[in-house]
Each structure stands twice: as C-alpha cells, then as structure tokens.
Amino acid sequence: MAVMEPVLDVKHVNHRFGHHVALTDINFSIQRGEIVGIIGRSGAGKSTLLRCLCGLEKPTQGQILLNEVNLVTQSESQLVQLRRKIGLIFQHFNLLESRTVFKNIVLPLQIANWPKSKQAERVHELISLVGLKGHENKKPSQLSGGQKQRVGIARALAANPDLLLCDEATSALDPESTTAILDLLSEINQKLGLTIVLITHEMDVVRHFAQRVLVLDHGRLIADGSMGELLTTPSEQSIIVKLQDETKPNLPQEINEKLHHDDKAGKVTVVRITFPENEVFKPFLSNMTKTFETDITIFQGGITSFGDTTTGEMIIGLSGRNIAAAEAFLEANMKKIERLGYVTPDY
Ligand SMILES: Nc1ncnc2c1ncn2[C@@H]1O[C@H](COP(=O)(O)OP(=O)(O)OP(=O)(O)O)[C@@H](O)[C@H]1O
C-alpha cells in the first residue's frame, strides 16, 4: 500500500504550442510507491505531459512539483540535477549501440560522478535485478527487444531515482516480452517501493499493470481512478467506453449469430455477469446451481487482476429449472447482471 507522500504534484498545468492547446488544466498527485498508467489516444497529449513531468518542456502555465520542488521555475542547470531523480525508459530503448550492456548501464553513474570503486558493484546489482546476468559484454544488437528494454530499465534505475517514467515502454515489444517487462516493473515497484508512471496508448498494458489510471483525452484529464472503477462506472467518454468494451468478454461469434431477443420456453437465457471486486473466488455459481437446480453453460469470460483488485466477468447460459430465481440470485449477489438474450440449446 502506498504511503501518502506525494512524489509528484501537478497543479493547473496548461500547455500550448503557438495557438494549439495541447494540455488543459491538468491536476493530479502521485504518491510514493504508486504505479500509475496514463492512457490516451494518439494526440491526446501524453508525450507533452511526460516531457513536462521530467522538465524537458516548460508548461505555459501551472506547477509541476517533484518532491515539492517546482520544475517549472528551475533554471536549466538546476533541472539537470533534478532530472537525476527521474529515471526514463523509452519505446525504442535509446541504448548506445557502440557500448556493451555494462557500459550502457554504467553511463548515468559516470555522469553523476559516482565513485569509480562503487560503479561496477552497482551495475552488477542492477544486471541481476533485471535478469541479464551473463549478457554484460553483449552489444545491444545482440539482444532481443525485451532484453534491450531490461537494459533500459537498469540504466534508468542506476542512480536511484525517486520516480520512473515509462514512455510507451512496451509498444515495440511482442505480447510475451510485454508481459515479462510489466512483471519486472511490478517486481521492482514491490522490491524497491519505486513510484512508476507509465504512459501508453495500449489498453491491455494499463489493465494488467496499473493500480491507478489517468485518462487523457484532447489534452484534458477525463478520469482518474482504479482500473476497477474505470471499467464499471458508466461513462459517455468514447475512450472509456472503448476501454470498457475491449475488456468485456463477448459471445463467441457462432453463439452470437443464434442469439434471439424473444423469451420462448425451452431456450437458454444468456446473461453477462460482473463479480463483485475481490469476491471472484466465492462459490456463487455452484451455490446457485445447487439451490435452484439451474444449469450453467460458460460461454466466455474469466478472472482479471489489476493492482490488488481481482474481478471477473462472464457470459453464461442459464437452463433447467427456476431460471427466474437464479437470475434474481445473480441480481442480488453480482455487481452487475445484464441479460443478453436467448439461444436454443442446440448451439
Ligand atoms: N512541438 C510541437 N509543436 C506543435 N504541436 C505539437 C508539438 N508537440 C505536440 N504537438 C501537438 O500537441 C498535441 C498533443 O501531442 P502529443 O504528442 O503530446 O500527444 P500523444 O498523446 O503523445 O500522441 P502520440 O501517442 O501520437 O505520441 C497534438 O495535437 C500534437 O499535434
């Protein structure tokens, strides 16, 4: 659980490029130890916000406090010092091709004038943290995308930052490496208590990774909450609707084609159910089948975890006896139940 101690405080940030408004009145605060995902479509203002957060861009208005120091009013030389407290990882890794893994990771330590005698020990510690033992002397071209990003992470962590900012850090990776990198970042968050902000346009990344999600749309912050809240709070904002749709289980095509909306005897009632948060492992469904002698067919769905919340959504078919009572039971025990229609049992 994050201790309430803000690492980053963003207050009334506005940014324009000439007449073009890129960010409008952005306000949020990030506590030490939090993992926060910032999601938005292309052009929503994510990169601009990220550049402001690390002092590479000065917002036209507002304050960005890193450990209570306002980045907006600092001189360039003060910013150089302050940026050492921010680790950055990038979509395309930004490694120096001519240097080995070891030499890429040691670079920030050399820049920060770490004592030479301590540099090698620190690099080996980082290499082992990110799972790259044995690769010290390889050049980036000899590594996979996932391994390159591990080097990027080790380099970003080298000088013990207070904040790790990840800019589309998994967008260039295949799904397997994406999961491995997100798992590594979660592990680092747990082990070191490091605050992580990840900017992405990928719904799946925030869903699997972030404890808290900020949604940017047309330069405005339109939502700030846990993934659970975001997915279950009705919204008319198209990006949130899309996020909710992408995470919803849908009926398999062949069943969907046979779905009727009229209630005729002998049909299977198809419902979408959302479990109450953190109650997915309770035997609701088996209790229901025993009590009401109702049969269940699972058409789609499963259990998802985000942060420390577990939730589940399923599309099930109800048949047999006492269907109305079973539906009433679900109504009372599920977070949400939605009747989608009916199918004949010959699906
Ligand atoms: N240097 C610049 N000069 C003028 N306009 C800019 C500049 N940088 C960004 N913009 C504009 O500001 C808006 C926000 O851009 P930004 O790159 O922050 O969005 P984004 O969410 O990161 O998009 P993407 O995912 O495509 O990178 C866009 O309309 C963009 O065209």
Side-chain angles (χ1 to χ4, degrees), residues 8-30 35-66 71-72 74 76 79 83 86-95 145 148-149 152-153 156 163-175 177-178 181-182 185 195-210 212-225 227 230 235-247:
L8 198 62
D9 235 330
V10 175
K11 295 184 178 174
H12 302 293
V13 163
N14 289 273
H15 194 57
R16 286 168 183 270
F17 295 103
H19 291 297
H20 182 85
V21 178
L23 297 173
T24 305
D25 199 26
I26 305 287
N27 292 284
F28 62 89
S29 175
I30 292 180
I35 296 186
V36 178
I38 300 182
I39 191 162
R41 293 204 182 89
S42 180
K46 304 180 297 296
S47 307
T48 308
L49 179 60
L50 184 112
R51 289 174 58 79
C52 291
L53 296 185
C54 57
L56 288 170
E57 186 92 39
K58 267 195 204 298
T60 327
Q61 263 180 4
Q63 297 184 350
I64 294 175
L65 306 174
L66 176 70
L71 299 185
V72 181
Q74 303 300 304
E76 196 46 47
L79 280 176
R83 268 189 220 118
I86 302 175
L88 269 173
I89 58 174
F90 308 91
Q91 178 176 4
H92 296 296
F93 325 119
N94 292 14
L95 302 179
K148 285 183 198 171
Q149 196 53 296
I153 293 171
L163 175 68
L164 182 64
L165 291 180
C166 313
D167 187 9
E168 299 281 3
T170 56
S171 301
L173 303 178
D174 58 67
S177 313
T178 295
I181 290 296
L182 295 178
L185 290 171
T195 315
I196 303 181
V197 176
L198 187 135
I199 290 201
T200 182
H201 68 279
E202 294 174 301
M203 310 284 183
D204 259 358
V205 169
V206 282
R207 185 157 69 99
H208 289 295
F209 179 68
R212 177 176 158 210
V213 186
L214 306 183
V215 183
L216 263 189
D217 194 31
H218 293 99
R220 289 175 189 272
L221 194 60
I222 60 164
D224 175 355
M227 198 65 202
L230 206 70
S235 173
E236 290 185 355
Q237 300 282 357
S238 63
I239 180 164
I240 298 177
V241 172
K242 188 159 182 279
L243 187 72
Q244 292 172 339
D245 279 352
E246 284 191 14
T247 54

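In each ligand, atom 1 is the first atom listed, and ligand 1 is the first ligand listed.
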Which protein non-hydrogen atom lies closest to [atom], naming both residue and atom, and how far is it?
atom	answer
atom 27 (O) of ligand 1	S47 OG, 3.4 Å
atom 26 (O) of ligand 1	S42 OG, 2.6 Å
atom 6 (C) of ligand 1	F17 CD1, 3.2 Å
atom 25 (O) of ligand 1	K46 NZ, 2.9 Å
atom 14 (C) of ligand 1	G43 O, 3.5 Å
atom 15 (O) of ligand 1	T48 OG1, 3.8 Å

Open item on the list: Any salt bridge linking E76 with R83? Criterion: basic side-chain nitrogen under 4.0 Å from a carboxylate oxygen.
Closed with: yes
Open item on the list: Please report the interatomic distance NE2(H12) to CG(N27), rounded to the nearest 0.5 Å.
Closed with: 4.5 Å
Task: Value rounded to 0.5 Å, distance of CG in N14 from OG1 in T60 - done: 7.0 Å
Open item on the list: Is a donor from one side chain sitting under 3.5 angstrom from an acceptor on the other, for E168 and H201?
Closed with: yes
Do [X] and [Y] have side-chain heavy atoms sitting under 4.5 Å apart?
X	Y	answer
D224	R212	yes
L71	L79	yes
Q149	T170	no
R41	D217	yes

Task: Ligand-residue contact atoms, ligand 1 with A22, heavy atoms, under 4.0 Å - done: 12 (O)
Using distance alone, determine whether [X] and ligand 1 share an N or O pair under 3.5 Å.
X	answer
H20	yes
G45	yes
A44	yes

Task: Contact with ligand 1 for R41, non-hydrogen, under 4.0 angstrom - done: yes
